[in-house]
Enquirer: 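Take this structure first; my questions come after.
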Number of protein chains: 2
Amino acid sequence: MRVSELSRRSGVSVTTIKYYLREGLLAPGRQTSATQAEYDDQHLRRLRLIRALTGVRGLSVTTTREVLDALAAHTGDTHLLLGLTLGSVSLSGESAEQDPATGEVAAFVEELGWQVHESAPARATLAEALTSLHSLGVPMDRHTLLPYARLAERIAVLDLDQLDGLTDPLAAAERALLLTVLLEPALMALRRMAQENESARRHAP
Amino acid sequence: MRVSELSRRSGVSVTTIKYYLREGLLAPGRQTSATQAEYDDQHLRRLRLIRALTGVRGLSVTTTREVLDALAAHTGDTHLLLGLTLGSVSLSGESAEQDPATGEVAAFVEELGWQVHESAPARATLAEALTSLHSLGVPMDRHTLLPYARLAERIAVLDLDQLDGLTDPLAAAERALLLTVLLEPALMALRRMAQENESARRHAP
DNA sequence: TAACATGGATAGTGAAGGTATCCAATCGTG
DNA sequence: CACGATTGGATACCTTCACTATCCATGTTA
């Protein structure tokens, strides 16, 4: 198919597709002549993926490219992919200085017995959030955080269960990405609704 | 205290403070003369809150104002506050048309037995995420989603437990806000680390 | 009283994420 | 094969957001 059809089928304007091509989010089509290129279903799928990451999750174009590059590079070792570039989601601008809670997070991860890469961005994300909460007078010590971590373990089990049976490593990596990133807003929405429900249960029995 | 001290104590520049005043995120100080105003600890606290919401969580200035307004308006009925304006976090631009998965979400909430307001933004967030996943070939039916929802219930219990003992309704409302919004990145970071751990456990026993 | 700070207003900045316009080459239809 | 529409490619422009800088008249303080 050519650009106009790709545009029609994806709902993304031709100029925006050109923009994504320029930015390297989308691979160029197969050239059929000097001024003509052919696109296939892979491009359509990729385009849908881009829109999902930028739209639903609000990732920046830069982060999206990094995530997609990581997907291409690490197909195969799925668990390296999980949470790879995704930690940089919360803040696009890197904070150069180390967060004061970094050591606390390391100790906590150790206490949990988790095997987590030393440089996992999620560590910094957690540290930053805890520091911020602390500065606003909300404690969140080990004791408070522990049950949350245990529930996170069970969520992770559910996540990994959904990758079972996918033998194609490309498909598995892509699904891992989708489940990690796109399920986040869904889980947070479930949490907010559950909070409302629990609050109603407690305050109006 | 005057502006310069507020700036020094909060780490926010005077010009930015002026900007927040203009945008209505921060209440004006008490005028002591025609061209002088006095700020107090409430202003400092509010300023820290603003920076936490915009910085850690990446909320836009507009959304932050809406959240803070909701906080001021609904102090007292905490469970109305929870998830009130917060649903609009995922997408700043409202999608005027209704998501096709809206009905499915309503049925799911019913099945769970949750008491959730009909117009809760979290419903739309969930619907949007499910639609997006569906269009990318990841099923996420009721059956798959149910265990996630049950874990969300338990997270909500932990959340609400932390509001116990706070008798001051203002403090309770503010803590509810902090726990809902600022804990999100922390929970997602825990999830990603737990995924990495679980993946390591499964693939390299 | 003179240097400096303040509140208030207005204009400017830089990044992000597109959008619009041109152009020459090419395709497809008659 | 002629001719209008489409395409790829390049460049310039636009809008929004979150600040930031500059002015200025008034006020405070040493």
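We name chains A, B, ... by the order of the sequence lines, and we start the count at 1 in each one.
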Enquirer: Answer with yes or no whether A:Arg22 presents, from its side chain, a donor or acceptor under 3.5 Å of a partner atom in the base of C:dT19.
Expert: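 In this structure, the two groups form a donor-acceptor pair.
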Enquirer: Ignoring the backbone of B:Tyr20, work out which of D:dC19, C:dA5, C:dG18 is nearest its side chain.
Expert: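 Minimum distance to the B:Tyr20 side chain belongs to D:dC19.
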Enquirer: Is there a salt bridge (charged side-chain N to carboxylate O under 4.0 Å, His left out) between B:Arg202 and B:Glu198 once you walk through the steps?
Expert: CA-CA 6 Å; B:Arg202 292 192 185 196; B:Glu198 179 68 15; 2.9 Å; yes
Enquirer: Go nucleotide by nucleotide along DNA chain C from the 5' end; which of A:Arg2 and B:Ala37 gets its closest nucleotide reached first?
Expert: B:Ala37
Enquirer: Counting heavy atoms from C-beta on, name the nucleotide in D:dC19, C:dC27, C:dG7 closest to the side chain of B:Val61.
Expert: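 Per side-chain heavy atoms of B:Val61, the pick is D:dC19.
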Enquirer: On the nucleotide D:dC17, are OP1 or OP2 found under 4.0 Å from the side-chain N or O atoms that B:Thr62 carries?
Expert: no
Enquirer: Hey, does the side chain of B:Arg2 reach the backbone of B:Tyr39 with a donor-acceptor pair shorter than 3.5 angstrom?
Expert: no
Enquirer: Among the nucleotides C:dG18, D:dT28, D:dC19, which one has an atom lying closest to any side-chain atom of B:Ser33?
Expert: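 Taking heavy atoms from C-beta onward, the closest nucleotide is D:dT28.
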Enquirer: C:dT26 phosphate, OP1 or OP2: any side-chain N/O from A:Gln31 under 4.0 angstrom?
Expert: no
Enquirer: So which of residues 7-19 of chain B are in contact with DNA chain C, with a heavy-atom cut-off of under 4.0 Å?
Expert: B:Lys18
Enquirer: I need the minimum non-hydrogen distance between A:Ala171 and A:Leu166, along with the two atoms involved.
Expert: O-CD1, 4.2 Å
Enquirer: Would you classify A:Glu23 as touching base, sugar-phosphate or nothing, given that sugar-phosphate means primed atoms plus P, OP1 and OP2, and contacts are heavy atoms under 4.0 Å?
Expert: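 No contact.
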Enquirer: Run the side-chain hydrogen bond (donor to acceptor under 3.5 Å, both in side chains) check on A:Ser135 and A:Ser132 step by step: do they pass?
Expert: CA-CA 5 Å; A:Ser135 83; A:Ser132 192; 4.9 Å; no
